[in-house]
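Note that the coordinates shown come from a computational prediction; the quantities given were computed from them, not determined experimentally. Per chain, numbering begins at 1; letters A, B, ... match sequence-line order. These values consider heavy atoms only, across backbone and side chains, with no hydrogens, waters or symmetry-generated copies.
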Amino acid sequence: MLLSSFIHCSTPSRCFPIKTCTRCCQYSTGRSVRILDTPVLLKNALTFNRSGGHGGKQQYMRLKSSRKRCFSSECDEVGHQHEHGDVRVRFAPSPTGFLHLGGLRTALYNYIYAKKYGGSFILRMEDTDQSRLVPGAAESIEDMLEWAGIPPDESPRGGGQYGPYLQSQRLSLYSQAADSLVQTGKAYHCFCSQQRLELLKREALRSGQTPRYDNRCRHLRPDQLEEKLDQKVPHVIRFRLESGVEPFNDLVFGWNRHEVAQVEGDPVVLKADGFPTYHLANVVDDHLMKVSHVLRGSEWLISTSKHLLLYRALGWKPPVFGHLPLLLNRDGSKLSKRQGDIYIQSFQRSGALPEALLDITTHCGSGFNSNRVGRKMEELITEFNPSKITTHSALLDLDKLPEFNKIHLQQRIDDAVQRDWLVRDLQVRIQEVYGTQVQDQDVLQPDYITRVLHLRKGHISSVSDLVSSEYSYLWVRPSFSDQQMTALSSETQHIATLVIRLMEGLKGGEELTVDQLSVELKTLAKKTSNTKYRDVMKIIRLALSGLQQGPSVAEMMVSLGPSEITHRFNRVLQQH
RNA sequence: UGGGAGGUCGUCUAACGGUAGGACGGCGGACUCUGGAUCCGCUGGUGGAGGUUCGAGUCCUCCCCUCCCAGCCA
């Protein structure tokens with residue numbers, strides 16, 4: 001292991017926080033730095049006061065946060081170590097809607113984090129906004145996580161030792177925390193009416209200032225407070241913001257610190273209806289559920305200092321935070337339901353494979369040592385590297401989903417157990433779509449369907465493709481008109497006979513291959529008198545499929561097999 | 001407006017201060033049946049201007065652009 005390096009910022013007038021990576025003992029600003037010729041001993045400190053010239057006052061450099069990480073590839077994160085079993089992460093959606101891609105992404109990264117570091121993945125429903133609840137949403141979210149392959153270890157449905165996992169069933173915990181804050185003077189009752197708050201907002205906007213609560217009720221005298229409580233004036237509890245916010249080291253964005261007291265009014269933590277706001281509830285629950293790491297969307301980055309103030313006020317140790325980049329709509333705004341169909345259920349219905357959906361999700365925002373299409377969950381977990389999560393917002397391009405689906409479907413076909421499942425799935429689909437049109441029950445045989453799957457793998461994005469009209473020839477005997485045939489050639493009978501003979505010649509237990517058949521078909525075409533090869537092939541295609549499009553003729557023949565081919569060409573002969 | 005986070009081909013993503021690459025998309029060519037298949041090739045990017053440096057996508061400054069937060073929503 002290296003000895004400590006000595007680092008100096010390349011711009012001497014600036015100071016910046018640094019942090020020792022406790023695992024590999026290297027220092028990192030995450031940015032390019034010069035090595036000092038003259039060593040200056042650095043302590044394991046959050047700040048670097050150069051030459052002591054600033055009177056001990058802390059200053060911070062605005063670093064490009066994407067690089068505020070350890071250089072060493074041996075270390076996955078910034079100075080964080082995990083004891084086995086210590087990691088507890090949570091996905092905490094609000095059941096005000098169904099699971100969409102943004103939620104899936106956040107859940108997925110939490111799941112991967114838990115599995116990588118031997119921890120637990122917790123699902124917690126944050127149903128504190130009772131007015132916006134959607135019935136069935138909580139159940140559906142949990143169903144969709146199961147479908148996607150990222151099941152929670154603790155959840156409303158499955159339970160766990162830190163339950164309940166519905167916030168609406170934990171209200172007394174938040175009230176107690178709020179009471180505690182009031183007792184210690186860290187929070188206070190606010191009796192301001194909604195009208196007053198509206199007025200404040202309007203005044204601020206009118207005079208070009210930032211709307212914020214003016215913290216007026218901070219200054220109520222005890223007798224005023226008592227009087228209002230006696231009169232049962234509706235009130236909320238507000239948290240008293242303070243200056244002197246400690247910096248925190250975000251897993252993704254690196255060192256951050258926001259002086260919230262200077263730009264915001266005291267936030268409500270307990271609403272008039274007795275329900276908490278997000279700020280209080282998530283702090284209380286993460287503490288009581290012993291959550292070690294909070295991975296959430298980067299829209300919360302700026303609220304983190306506020307949450308850390310709450311932790312401090314309650315005397316609790318905060319978790320490590322990591323903020324995941326925003327997913328965007330095509331117009332560039334934060335992903336939301338206004339823009340297209342982004343719900344997991346609709347992907348499920350349209351045939352997306354869960355592993356393809358997860359795979360494509362990880363390509364937006366990265367966080368892995370390498371990126372390639374087709375990774376499975378085990379690979380995602382193995383290659384996960386939080387220091388490589390990108391910080392910029394990004395568009396999750398769903399136009400790529402068919403490509404991801406195709407590759408993952410290919411992997412399923414290549415796996416014996418999953419292939420069996422696909423065969424059964426396809427059997428059901430064939431019967432649903434074609435039902436009584438199926439003339440030959442052999443098309444439902446596993447061997448036949450397996451052969452079709454192997455031939456089409458890499459070419460189809462979804463199993464349901466195979467029951468579409470372009471593949472109907474696989475399941476039902478096609479129809480075509482005699483006119484279509486004779487328009488191509490006057491030798492259709494002769495060609496049909498040639499094909500039948502070809503099939504007879506190949507019946508001796510020999511497996512058909514596409515390459516072999518291609519050669520045979522060229523030979524066959526030479527036995528016609530006045531029909532071009534191209535037209536011979538079109539006739540054969542028509543006889544086999546009734547279509548003018550589709551897989552190559554040779555592949556169609558390999559799919560159908562000699563006896564079915566013979567049958568179809570006998571029908572050509574019988575048309576006269 | 002105030003505070004914050006960002007900016008690499010059309011999209012996503014690589015590149016220890018040392019060759020700007022990959023995937024999808026797009027275009028072209030080749031295919032003795034169709035082409036939407038396959039194979040081959042090409043295209044296309046560091047937002048702009050300065051500075052530091054032997055060397056800048058990377059470090060610094062300014063400008064431009066985008067997003068997020070500033071609910072008794074989460």
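- Note on A:Ser303: nothing from the nucleic acid sits closer than 4.0 angstrom, heavy atoms only.
- Under the 3.5 Å distance criterion, with hydrogens and angles disregarded, no donor-acceptor pair is assigned to the side chains of A:Tyr473 and A:Arg568.
- Counting non-hydrogen atoms under 4.0 angstrom, A:Gln194 reaches a base of the nucleic acid.
- A sub-4.0 Å separation between OP1 or OP2 of B:rA5 and a side-chain N or O of A:Lys334 is absent.
- Picking from B:rC72, B:rC33, B:rA5 the nucleotide with the shortest atom distance to the side chain of A:Val553 gives B:rC33.
- Within 4.0 Å of A:Pro93, counting heavy atoms only, lies no atom of the nucleic acid at all.
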With salt bridge (charged side-chain N to carboxylate O under 4.0 Å, His left out) as the test, would you mind laying out the steps for A:Arg257 and A:Asp250 before giving the verdict? CA-CA 10 Å; A:Arg257 170 177 174 272; A:Asp250 190 86; over 6 Å; no
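- Listed by chain and number, the residues in a ring-ring contact (aromatic ring centres under 6.0 Å, His included) with A:Phe98 amount to none (sequence neighbours excluded).
- Atoms CG (A:Asn385) and C1' (B:rA14) sit 13 Å apart, rounded to a whole Å.
- For the 3.5 Å distance criterion, the side chains of A:Asp285 and A:Tyr174 qualify, holding a donor opposite an acceptor.
- Residue A:Asn371 has its side chain nearest to B:rA14 when only B:rA74, B:rC67, B:rA14 are considered.
- Using a 4.0 Å heavy-atom distance criterion, A:Leu205 is classed as making no nucleic acid contact.
- Nucleotides B:rA5 and B:rG21 have their P atoms positioned 32 Å apart, rounded to a whole Å.
- Of the side-chain N and O atoms in A:His363, none sit less than 4.0 angstrom from OP1 or OP2 of B:rU13.
- Rounded to whole Å, the distance from CZ on A:Arg330 to P on B:rU11 is 10 Å.
- Residue A:Leu301 places its side chain closer to B:rA5 than to any other of B:rA70, B:rA5, B:rA74.
- Taking 4.0 angstrom as the limit, A:Lys400 places none of its side-chain polar atoms (N or O) nearer than this to OP1 or OP2 of B:rU13.
- Paired with A:Ser370 under the rule side chain to side chain donor-acceptor pair (under 3.5 Å), one option of A:Lys388, A:Glu379, A:Glu383 passes, and it is A:Glu383.
- Annotation: A:Trp300 is in aromatic contact with A:Tyr278 [ring centroid separation under 6.0 Å].
- One can place CD of A:Glu259 at 12 Å from C1' of B:rG3, the figure rounded to the nearest angstrom.
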Look for any protein N or O under 3.5 Å of an N or O in nucleotides 36-45 of chain B and output each such pair with its distance, or none.
from: B:rA37; atom 1: O2'; to: A:His459; atom 2: ND1; distance (Å): 3.1

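- Nearer to the 5' terminus of RNA chain B, by closest-nucleotide assignment, is the contact made by A:Phe368 (compared with the other of A:Phe368 and A:Ala92).
- Residues A:Phe275 and A:Asp127 share a closest heavy-atom pair of CE2-O, 4.1 Å.
- Using a cut-off of 4.0 Å between Lys/Arg side-chain N and Asp/Glu carboxylate O, A:Asp266 and A:Arg216 are scored as not salt-bridged.
- Out of B:rC68, B:rA5, B:rC12, the shortest distance to the side chain of A:Glu299 is found at B:rC68.
- Here A:Gly265 lies out of heavy-atom contact (under 4.0 Å) with every strand.
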Please step through side-chain hydrogen bond (donor to acceptor under 3.5 Å, both in side chains) for the pair A:Thr304 and A:His323, ending with a clear verdict. CA-CA 10 Å; A:Thr304 305; A:His323 289 90; 3.2 Å; yes
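- Nearest nucleotide to the side chain of A:Trp300, out of B:rA74, B:rC72, B:rA15: B:rA74.
- Checking each of A:Gln411, A:His363, A:Glu355 against A:Arg375 for a side chain to side chain donor-acceptor pair (under 3.5 Å) leaves exactly one that passes, namely A:His363.
- For the C1' atoms, the distance from B:rA37 to B:rU11 is 24 Å, rounded to whole Å.
- The side chain of A:Ile302 sits closest to B:rG3 out of B:rC33, B:rU13, B:rG3.
- Of the candidate nucleotides B:rU32, B:rC68, B:rC72, B:rC72 has the atom lying nearest to any side-chain atom of A:Val236.
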Using a 3.5 Å limit on both pairing distances, list the dot-bracket string of RNA chain B from the 5' end; Watson-Crick and G-U wobble pairs count, crossing pairs take [ ], interstrand pairs take |. (((((((..((((....[..)))).(((((.......)))))....(((((..]....))))))))))))....
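- To the nearest angstrom, P of B:rU11 lies 11 Å from NE2 of A:His392.
- We find that CG of A:Leu328 is positioned 8 Å from P of B:rC68, with the value rounded to whole Å.
- Side-chain atoms of A:Leu395 lie closest to B:rC12 of the nucleotides B:rC12, B:rA14, B:rC33.
- The side chain of A:Ser393 places no N or O atom within less than 4.0 Å of a non-bridging phosphate oxygen (OP1 or OP2) of B:rU66.
- Residue A:Asn256 has its side chain nearest to B:rA5 when only B:rC12, B:rA74, B:rA5 are considered.
- OP1 and OP2 of B:rC73 both lie 4.0 Å or more from every side-chain N or O belonging to A:His279.
- Between the base of B:rU32 and the side chain of A:Arg534 there is no donor-acceptor pair shorter than 3.5 Å.
- Comparing the same atom, P, in B:rG47 and in B:rG4 gives a spacing of 23 Å after rounding to whole Å.
- When heavy atoms are screened at a 4.0 angstrom cut-off, A:Ala272 is found touching base atoms of the nucleic acid.
- Remark: A:Lys271 is in phosphate contact with B:rC73, judged by side-chain N or O atoms under 4.0 Å from OP1 or OP2.
- Between A:Lys406 and A:Glu403, at least one side-chain N (NZ, or NE/NH1/NH2) sits under 4.0 Å from a carboxylate O, which counts as a salt bridge.
- The nucleotide whose nearest atom lies closest to any side-chain atom of A:Val263 is, among B:rC33, B:rG2, B:rA74, B:rG2.
- Base orientation of B:rG57: anti, the glycosidic angle falling outside 90° of 0.
- Of the side-chain N and O atoms in A:Thr128, none sit less than 4.0 angstrom from OP1 or OP2 of B:rC73.
- With both ends at atom P, the span from B:rA14 to B:rG2 equals 33 Å, rounded to whole Å.
- Within a 6.0 Å radius of CZ in A:Arg534, no more than 12 heavy atoms belonging to other residues, nucleotides or ligands are found.
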